[in-house]
Amino acid sequence: MENERNKKLLRKLRTWFLSLLTPALASTVIATFFIWAHLARIGQSGLFFDSVSFSSLFSYLMVFACMSMLLFCMVLFMPSLLTGLFISSNQEEIRLRDELTENNIRIVLLTSLLSVLIFFGYFFLSLHTGKEETQNVYIQLGTIWLSSFVLSLWFNVSITHGKISGEDKWKKISTVLFMHLLQPALFALTACIYIFPLELFLRTLEFPDGTSDVRQVLTVIALSIFLIIFSLIPGVVFLRLRARTSLLRQVMVTGGIMGGILFIICLFVHMVPALILTMFLRTSGVMDLRPHVYGVPTAAYPAEYFKDSAWQGVRSSDEKYYLLKAVKIYSLGDIRLICPLNVIQSYKDSLKYQVLDANYDDRVRGKLQDAVSLCRRVKSQELLTLEKLPQLETGK
């Protein structure tokens, strides 16, 4: 009997231990991977074991790593999440409720796709006709809402008629206003909010030299449609599970699908993992690309260490410090990797991409590594950071 109680106690302790260990272990692995990925990306993998410690990974870095992934997913899947919020869950007969949900999903999808054609089609027509006019946003938004309104009538008018039959006057009016005015406006808002995740992808999109305007517009439209369809999938799954299973299972399944879709997007658009990594590096303070003046003791480092012309600096008046205009591309533990200012543009260029062109990714990453080769490793306790200093004059 005593032995049986001990076994039950051990099983409970094991369950509690695993429930605590698994999230912490997963978060630590993510933080470790992020740090290693950054160093490998800039060609400085050798710094990994010199700077990384378990305490640093387990404390704040894993929090920022998880937060950066969560924030990116929230931006990417924001319209999908709003779709699940805007499509109401009416307490109606199951068949009618499911039909209404499926119809509303179609309306959201078609409205979102039409919004892309409206925005970029308007731009293409103005470009093709040679009229460089400012786009009338209000006309475009109104057209999107009108599209959602027409689709709502097309798909849901019979359901609306069935819902209001036999109801009093005010009930009929409120139902019609909600079904065919308010709800289409919310769906149009969801379609317009896609501009935020699309902006992440379009602002860093590059085209090969000589690409025609027509091909550029068609590529942008195709990429937008691809992102809209994939980012809407979690919301669709959530809506279809809403009446069939518990909230916890809905969240778990939807979250797993989000992770899978993000992985697929990362395979086709290599900029995405680099962007998530950049969010982590900047929010955690591991990387700071804001120019500062750094003081490095001359007694600890030879003059040849900062001899390259890319370094903008002089010696201090007491000859004890090199005063350098630089940025920190890596800062962890006792290691600081400071770089000349030209690494800023190289890093920004490394976040750009061309659709389905892995060679372009290799080229911009290679240029980044060439720029980082001029960076210098210094110890944290020897580095002075001067926020403000009179204008430095290069020369001495």
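The chain is numbered in sequence order, starting from 1.
Surrounding CZ of R215 are at most 12 heavy atoms belonging to other residues, nucleotides or ligands under 6.0 Å away.
A chain of hydrophobic side-chain contacts below 4.5 Å, direct or via other Ile, Leu, Val, Met, Phe, Trp or Tyr residues, connects V75 to I233. If you chain together hydrophobic residues whose side chains sit under 4.5 Å apart, L368 and V364 never meet in one group. If you chain together hydrophobic residues whose side chains sit under 4.5 Å apart, M271 and L71 fall into the same group. At a threshold of 4.5 Å between side-chain heavy atoms, the hydrophobic network of Ile, Leu, Val, Met, Phe, Trp and Tyr places L374 and V327 in two separate groups. Cluster annotation: I193 and L239 are assigned to the same hydrophobic cluster (Ile/Leu/Val/Met/Phe/Trp/Tyr, side-chain heavy-atom contacts under 4.5 Å, transitive).
Counting all heavy atoms, side chain and backbone alike, S148 lies closest to I107 at OG-CG2, 4.0 Å. Closest of all the heavy-atom pairs between W311 and A326 is CZ3-CB, 3.8 Å. Across every non-hydrogen atom of W145 and A188, the tightest pair is CA-CB, 3.8 Å. Between C192 and I144, the closest heavy-atom pair is SG-CD1, 3.9 Å. Nearest heavy atom pair, residue R282 against residue L289, reads NH2-CD1, 3.6 Å. Contact between K352 and D361 at its shortest, heavy atoms only, is O-OD1, 4.1 Å.
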Could you walk me through whether D370 and K367 pass the salt bridge (charged side-chain N to carboxylate O under 4.0 Å, His left out) check?
CA-CA 5 Å; D370 289 340; K367 291 179 181 179; over 6 Å; no
Verdict with supporting geometry, L76 and L200, side-chain contact (heavy atoms from CB on, under 4.5 Å):
CA-CA 9 Å; L76 179 61; L200 291 175; 5.8 Å; no
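Between the side chain of T283 and the backbone N or O of F280 there is at least one donor-acceptor pair closer than 3.5 Å. Judged purely by atom type and a 3.5 angstrom limit, N103 uses its side chain to pair as donor or acceptor with the backbone of F155. Checking side-chain atoms of S115 against main-chain N and O of S112 turns up a donor-acceptor pair under 3.5 Å. S152 places no side-chain N or O within 3.5 Å of a backbone atom of P184 that could act as its donor or acceptor partner. In this structure, the side chain of H38 engages the main chain of I329 through a donor-acceptor pair within 3.5 Å.
Here F306 contributes atom CZ and Y294 contributes atom OH; the two are 12.5 Å apart, rounded to the nearest 0.5 Å. The CG atom of L186 sits 11.0 Å away from the CG atom of L181 when rounded to the nearest 0.5 Å. Atom-to-atom distance recorded for R377:CZ and Y301:OH is 9.0 Å, nearest 0.5 angstrom. One distance of note links CG of D288 with CD1 of I338; it measures 12.5 Å at 0.5 Å rounding.
Of the residues L117, V116, T219, I229, the one that meets the side chain to side chain contact (heavy atoms under 4.5 Å, CB included) test with S224 is V116.
Defined by atom type and a distance below 3.5 Å, a donor-acceptor pair is present between the side-chain atoms of R41 and S350.
Each salt bridge (charged side-chain N to carboxylate O under 4.0 Å, His left out) pair with one or both residues in residues 100-112, not counting sequence neighbours, appears once here: E102-R240. Within the structure, disulfide (SG to SG under 2.5 Å) pairs that include any residue of residues 201-238 do not occur (at least two apart or interchain).
Judged by the 6.0 Å and 45° rule, R376 forms no cation-pi pair with Y322.
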